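Remarks on the structure that follows.
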Amino acid sequence: MTEHEQQTTETGDDLPEQMKIRRAKRAELLESGKEPYPLGYRRTHTLAELRERFAELEPGESSGVTASTTGRVIFLREAGKLCFARLREGDGTEFQVMLSQGKLGKESLDEWKHLVDIGDHIGVTGEVVASRRGELSVMADEWAVTSKALRPLPVAHKPLAEETRVRQRYVDLIVRPEARDNARNRAAVIRSLRDQLHGQDFVEVETPMMQVQPGGATARPFVTHMNAYDMDLYLRIAPELYLKRCVVGGIDRVFEINRNFRNEGADSSHSPEFAMLEAYRTYGDYRTIAELTKSLVQGSAESVFGSTAVTLADGSAYDLGGEWAETTLFGSLSEALGEEVTVDTQLDTLRAYADKVDLDVDPLWGPGKLAEELFEHLVVDKLDAPTFVFDYPEETSPLTRGHRATPGLTEKWDLYARGFELATGYSELVDPVVQRERLEAQARLAAGGDDEAMRVDEDFLRAMEYGMPPLCGMGMGIDRLLMALTGLGIRETILFPLVKPE
RNA sequence: GGGCCGCUAGCUCAAUUGGCAGAGCUGCGGACUUUUAAUCCGUAGGUUCAGGGUUCGAGUCCCUGGCGGCCCA
């Protein structure tokens, strides 16, 4: 609420006319002995139950059954001594109410006309009938306001401005069926992921979101402060190091679905807080976990949308079915450049290529990082169909096992879909001595001013020294998965994305 | 971080060279016992994002700031 509104709420003097009128109607309800916000309403049927039970009623027919039901008024019509209202309940089911002077008497119908607005919640009791046009209706013997809305809803027939949708999601949810579908689809996808993982004996855990030391990814963390210990804490950037501790402890298949926080930019595909699935299982490699990832994505598409061929928000078709394309980082980059590039290609050579394709180069980047940047610059946009990109340089993958065949590479893949990164997976590094070397190298980068570099997590290394079994793991952005399945922007897949204050 | 565009009534949007700030829907009053974006009559509603400047006169031009969108990095 703005300062301006706060002032005027008390006096009511300066409010827009329509809000003043609704406040006056609330007062009138109270004056006439009616409660504008009663404890409830004695309901015998939900709107959905009425729809189902009386589906067979013919136009003009009366059921002889009296029902009490409730909903938000989304449409009002007066036709003299007969009024109509359309109610809607939470799942989107709508049902008509008819109010006639014959049933209610003049006084009650006049009060209805005068005091009830679109947006109000009401309860109504009467016979279930079908109108002459065949519309199922409750013919009211009695009605009551159950919650008076003090603000008018936006006009139903004009799309709400994008910013209003995001800032006032509650309004978006009221007026736009797609907004309600999005929220329910997201819940269904997450539930499907959980069900599939539980079905394969994965154990769901919750690991710390406030950490003494951030780790598990290269990203800038948010910092907060704990008063009791007078120490800084970090919001986690990834759950990886804790999930691996679980594996050391004997949870052979483990996953977590929860929020990560990265103190970086916010745009149409990045949110500073984002939901992520991470899953680890022993005695598998990056092929094993790629297969699991594919089955999870295809399984949630099947269970939520009925098919691996989904329809995106713009109406286009997107096929996630069957086997997915595979390439390698250096293979696809070589193809895009028209020059052979490998993990052994020298930094100077890569810099020359970067110059040729107008990519600005950070002088701190090594050859591995630069190769990845070139790949993102030249290849990523073109990866529309789901594609696994295998074998990343060791330089940028400090938690990943070295490649079994090619020195300098690691057994890592990224999964791309519709031009963005959807998931990543690894044959995990389980050698504590090599892990220490890698983390110490990262720590040197951090000391040199790289605020995304990892730190040495001694407790994590101690856990590894107790013996971490052969292991593969994956991470997948839940928001990204929803984007891939629906074609929505990230601000539509998250109910309340971070926005600057008005 | 850079460039471009936008911010006007409850909502969605107009407003010519700088010359009385408008429409549709919504609201309010009235008519109508089968409406469902009804129809008809009447009517109200504005800190034009904020602050400053130029001007006889600023929604419009200039400056600063806020919020947002798109493109680029």
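Lettering of chains follows the sequences in order, A, B, ..., and the numbering in each one begins at 1. Excluded from the calculations below are hydrogen atoms, water molecules and symmetry mates; all remaining heavy atoms, backbone and side chain alike, are included. Quick caveat: nothing in here was measured; it's all calculated off a predicted structure.
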Step-by-step side-chain contact (heavy atoms from CB on, under 4.5 Å) determination, A:Met276 to A:Asp479:
CA-CA 8 Å; A:Met276 190 157 176; A:Asp479 316 295; over 6 Å; no
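- The list of ring pair (Phe, Tyr, Trp, His ring centres under 6.0 Å) pairs with a residue in residues 102-156 of chain A, not counting sequence neighbours, reads A:Trp112-A:Trp143.
- Checked against side chain to side chain contact (heavy atoms under 4.5 Å, CB included), A:Ser332 has the following partners two or more places apart in sequence or in another chain: A:Thr327, A:Phe375, A:Val379.
- Partners of A:Ser68 under the side-chain hydrogen bond (donor to acceptor under 3.5 Å, both in side chains) rule, at least two apart in sequence or in another chain, are A:Thr125.
- What separates CD of A:Glu78 from P of B:rU33 is a distance of 12 Å, to the nearest Å.
- Going from atom CG of A:Leu82 over to atom P of B:rU36 covers 12 Å, rounded to whole Å.
- Remark: the separation of the P atoms in B:rA15 and B:rG6 is 11 Å, to the nearest Å.
- Nearest-nucleotide positions on RNA chain B for A:Thr164 and A:Arg86 put A:Thr164 closer to the 5' end.
- Residues A:Arg43 and A:Thr69 bring no donor and acceptor atom of their side chains to less than 3.5 Å of each other.
- For A:Asp384, the side-chain hydrogen bond (donor to acceptor under 3.5 Å, both in side chains) criterion is met by no residue, not counting sequence neighbours.
- Judged purely by atom type and a 3.5 angstrom limit, A:Gln96 has no side-chain atom pairing as donor or acceptor with the backbone of A:Ser137.
- Nearest to the side-chain atoms of A:Asp117 among the listed nucleotides B:rC32, B:rC28, B:rU34 stands B:rC28.
- Atom pair A:Arg165:CZ and B:rU12:C1' shows a separation of 13 Å (rounding to whole Å applied).
- Secondary-structure stems of RNA chain B, taken as three or more successive Watson-Crick or G-U wobble pairs (i with j, i+1 with j-1) under a 3.5 Å distance threshold, comprise B:1-7 with B:66-72, B:10-13 with B:22-25, B:27-31 with B:39-43, B:49-53 with B:61-65.
- Listed nucleotides: B:rG29, B:rU36, B:rU12. Nearest to the side chain of A:Lys158: B:rU12.
- Open room surrounds CD on A:Glu335; 12 or fewer heavy atoms of other groups in view lie less than 6.0 Å from it.
- For A:Arg180, there are no salt bridge (Lys or Arg N to Asp or Glu O under 4.0 Å) partners, not counting sequence neighbours.
- A:Leu99 contributes atom CG, which lies 12.0 Å from atom NZ of A:Lys103 (distance to the nearest 0.5 angstrom).
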Report all interatomic pairs (protein N or O, nucleotide N or O of nucleotides 42-44 of chain B) with separations under 3.5 Å.
residue: B:rA44; atom: O2'; partner: A:Glu17; partner atom: OE2; Å: 3.1

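- Here A:Arg53 pairs with A:His45 under the side-chain hydrogen bond (donor to acceptor under 3.5 Å, both in side chains) rule; sequence neighbours left out.
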When you check every protein heavy atom under 4.0 Å of nucleotides 64-73 of chain B, what one-letter string (B, S, -) results, 5' to 3'?
---SSS---S
Steps toward side-chain contact (heavy atoms from CB on, under 4.5 Å) verdict (A:Phe54, A:Val65)
CA-CA 10 Å; A:Phe54 296 98; A:Val65 177; 3.8 Å; yes
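- Cation-pi geometry between A:Lys412 and A:Tyr426 is not met: the NZ or CZ atom fails to fall both under 6.0 Å from the ring centre and inside 45° of the normal.
- Taking atom CG of residue A:Leu76 and atom P of nucleotide B:rC25, one finds them 17 Å apart after rounding to whole Å.
- For A:Val155, the side-chain atoms get nearest to B:rG10 when compared with the rest of B:rG10, B:rU33, B:rU12.
- Under the rule for a side-chain hydrogen bond (donor to acceptor under 3.5 Å, both in side chains), A:Lys382 has no partner lying at least two apart in sequence or in another chain.
- Here B:rC28 presents its P atom at 15 Å from NZ of A:Lys20, a figure rounded to the nearest Å.
- Going from the C1' atom of B:rG46 to that of B:rU8 covers 8 Å, rounded to whole Å.
- RNA chain B lies under 4.0 Å from at least one heavy atom of each of the following residues of residues 91-98 of chain A: A:Gln96, A:Met98.
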Just the table, please: protein N/O against nucleotides 1-4 of chain B N/O, every pair under 3.5 Å.
none

